[in-house]
Amino acid sequence: MCFNRRAGDDGAFGGKAMEHVPVLLEEVLRLLAGPDVRTVVDATLGGGGHSEALLERFPDIGLLVGLDRDEEAVQRAARRLTRFGDRVKTVKSHFADMGEVLDTMGVGKVDAVLMDLGVSSFQLEDGARGFSFQKDGPLDMRMDQSFHTSARDLVNGYSQQELTSIFWEYGEESAAKKIAKAIVHARSISPITTTVQLAGVIESAAPRHGKPGIHPATRVFQAIRIAVNGELDRLKEAVETAVDRLNPGGRLAVISFHSLEDRIVKNAFADMAGRCICPPTLPVCVCGRVARVKILTKKPVQPGDEEVAQNPRARSAKMRAVEKTGRAA
Ligand SMILES: C[S@@+](CC[C@H](N)C(=O)[O-])C[C@H]1O[C@@H](n2cnc3c(N)ncnc32)[C@H](O)[C@@H]1O
């Protein structure tokens, strides 16, 4: 099972486990699949929900390569997709390394790539992973367990200024400074080691804060998670690599849940679509940029009211998609 969650989710839904619905599923299938689609990369396997639907509905897909940087996600999704046999290959990998993974498998170009950013429900719902303040557990939040810096290291080791910037930039948290100060004070007495302990410090610093029904720690937890996992760091590279690996006519769809992610995707798509980079002072274009992709979603595709009503966690989802042009990359 896998949900996408961002600001508001943990607090807004009282931590109840919700039925799993892969976000924008019909739109993903409509944009990415069809009779000519044979080889697909699901770059964020998560619970394998999108992959399962693709494989089920499109028997012409002969190979789906599923990646996730979380070993546990890979194992879970692999179990869920066992019945598809050798139509599926799963690998623990950062999505920006998809080129190397495909090379190792001897796969050249592919017909479709999906990137569904965010976190998986089992990551959030397993207290031992330390992602959610709804579950007490060690402050960890690493998607990739081989990473050396955990949330505990960040919370106890970063300066007040660094914490403020993270909360402000990644969480758009208006009380960032106050919360960072409270954390620095609390950790000077004893290290902050658990999710509930951290949530308590945040709540005491900014008690009646944010939207009603949403826990004041929500945005800070989101911000810490993004920082711990460097979630924005290689996104542009991954999007470009995905386009490199597409066949002409192949498609890439990216679902994001955070305005900073969406901006990176939107700009990468615009650049690859041939956006002129000449200085505005030049009377004519001299950069000669050639479009490598056609943008399929002028405006991002967002879930309708019905989907949001069924799966409130989908509400901040934005999907953008491109099709690779016939020209050489
Ligand atoms: C929202 S879930 C995907 C859900 C999936 N589409 C489904 O239907 O079940 C996002 C997954 O992406 C993984 N992920 C996040 N960043 C990643 C990265 N840079 N490389 C590979 N996987 C990543 C997370 O570990 C998580 O399991």
Side-chain angles (χ1 to χ4, degrees), residues 1-6 9 18-29 31-33 40-57 64-81 88 90-102 112-126 129-132 140-147 170 222 225-242 252-258 260-261 264-265 303 307 311 313-319:
M1 229 167 57
C2 178
F3 303 112
N4 306 93
R5 301 202 208 188
R6 291 289 173 157
D9 293 345
M18 299 181 68
E19 186 193 329
H20 167 57
V21 185
V23 170
L24 292 168
L25 179 61
E26 290 308 321
E27 291 82 350
V28 166
L29 297 178
L31 268 165
L32 289 190
V40 174
V41 177
D42 180 348
T44 49
L45 261 178
H50 283 108
S51 285
E52 183 177 57
L54 281 160
L55 289 158
E56 232 162 34
R57 294 218 210 152
L64 182 144
V65 178
L67 313 178
D68 202 294
R69 69 195 298 197
D70 185 328
E71 179 65 46
E72 206 183 331
V74 174
Q75 285 178 16
R76 281 167 174 260
R79 280 198 296 276
R80 180 172 180 173
L81 303 173
V88 182
T90 55
V91 182
K92 174 183 180 281
S93 168
H94 193 291
F95 48 47
D97 296 325
M98 120 184 32
E100 286 84 12
V101 173
L102 293 174
V113 180
L114 172 64
M115 293 168 62
D116 177 19
L117 310 176
V119 274
S120 304
S121 65
F122 74 84
Q123 291 167 326
L124 287 162
E125 285 163 18
D126 179 358
R129 302 296 302 269
F131 279 101
S132 168
D140 189 333
M141 301 200 199
R142 291 169 302 162
M143 289 178 183
D144 180 345
Q145 294 284 298
S146 65
F147 248 50
Y170 298 154
Q222 171 193 252
R225 196 202 75 225
I226 292 174
V228 164
N229 294 290
E231 289 179 39
L232 306 175
D233 296 351
R234 300 181 69 198
L235 183 53
K236 180 171 188 275
E237 177 192 346
V239 166
E240 289 171 351
T241 303
L252 163 67
V254 186
I255 305 174
S256 62
F257 294 81
H258 190 286
L260 295 175
E261 283 170 348
I264 291 171
V265 174
E307 178 169 358
N311 179 16
R313 289 168 182 143
R315 71 192 181 286
S316 49
K318 284 187 178 169
M319 177 166 68

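Index from 1, following the sequence. What's counted below: heavy atoms across the whole structure, side chains too, no hydrogens, waters or symmetry copies. In each ligand, atom 1 is the first atom listed, and ligand 1 is the first ligand listed.
Residue Ala43 places a heavy atom under 4.0 Å from ligand 1. Every heavy atom of Ala238 sits 4.0 Å or more from the atoms of ligand 1. At least one heavy atom of Gln123 sits less than 4.0 Å from an atom of ligand 1. Residue contacts with ligand 1 include Val119, since one of its heavy atoms falls under 4.0 Å from the ligand.
At a 3.5 angstrom cut-off on N or O pairs, Asp42 does not count as close to ligand 1. Backbone and side-chain nitrogen or oxygen atoms of Met143 are examined, and none is located within less than 3.5 angstrom of a nitrogen or oxygen of ligand 1. Distances between N or O atoms of Leu114 and those of ligand 1 include no value under 3.5 Å. At under 3.5 Å, not a single nitrogen or oxygen of Leu67, backbone or side chain, sits near a nitrogen or oxygen of ligand 1. The distance criterion of under 3.5 Å between nitrogen or oxygen atoms is not met by Asp70 with respect to ligand 1. Here's the thing with Pro22: none of its N/O atoms is less than 3.5 angstrom from an N/O atom of ligand 1.
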Check against side-chain hydrogen bond (donor to acceptor under 3.5 Å, both in side chains), Ser51 and Asp42:
CA-CA 7 Å; Ser51 285; Asp42 180 348; 2.6 Å; yes
Give the intermediate values and the outcome of side chain to side chain contact (heavy atoms under 4.5 Å, CB included) for residues Met143 and Val119.
CA-CA 8 Å; Met143 289 178 183; Val119 274; 3.4 Å; yes
CA sep, side-chain torsions, deciding dist, call: Leu235, Val265, side chain to side chain contact (heavy atoms under 4.5 Å, CB included)
CA-CA 8 Å; Leu235 183 53; Val265 174; 4.2 Å; yes
Run Val41 and Leu102 through side chain to side chain contact (heavy atoms under 4.5 Å, CB included) and show every step you take.
CA-CA 9 Å; Val41 177; Leu102 293 174; 4.1 Å; yes
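Listed for the Arg142 side chain is a donor-acceptor partner under 3.5 Å among the backbone atoms of Phe147. No side-chain donor-acceptor contact under 3.5 Å links Arg225 to the backbone of Gly118.
Per-residue contacts place Gly49 under 4.0 angstrom from the following atoms of ligand 1 (heavy atoms of the residue considered): 7 (C), 8 (O), 9 (O). Close approach of ligand 1 to Gly47 (heavy-atom distance below 4.0 Å) involves ligand atoms 9 (O). Numbered from 1 in the order shown, with element, the atoms of ligand 1 that lie under 4.0 Å from a heavy atom of Gly118 read 10 (C), 11 (C), 12 (O), 15 (C), 24 (C), 26 (C). Close approach to His94 involves these atoms of ligand 1, each under 4.0 Å from a residue heavy atom: 19 (N), 20 (N).
Minimum interatomic distance between Glu307 and Val23 (heavy atoms only, all atoms of both residues): OE2-CA, 3.5 Å. Closest of all the heavy-atom pairs between Ala238 and Met115 is CB-CE, 3.9 Å.
Sorted by first then second residue, the salt bridge (charged side-chain N to carboxylate O under 4.0 Å, His left out) pairs that include residues 44-55, not counting sequence neighbours, are Glu52-Arg80, Glu52-Arg83.
Of all the heavy atoms of Leu117, the ones lying under 4.0 Å from any atom of ligand 1 belong exclusively to the backbone. Contacts between Ser93 and ligand 1, counted as non-hydrogen atom pairs separated by less than 4.0 Å, involve the backbone only.
One option in Asp97, Asp144, Leu45, Asp233 has a heavy atom closer to atom 5 (C) of ligand 1 than any other, and that option is Leu45.
A 6.0 Å sphere centred on NZ of Lys92 holds more than 12 heavy atoms belonging to other residues, nucleotides or ligands.
Judged by the 6.0 Å distance and 45° axis criteria, Arg76 is positioned over the aromatic ring of Phe122.
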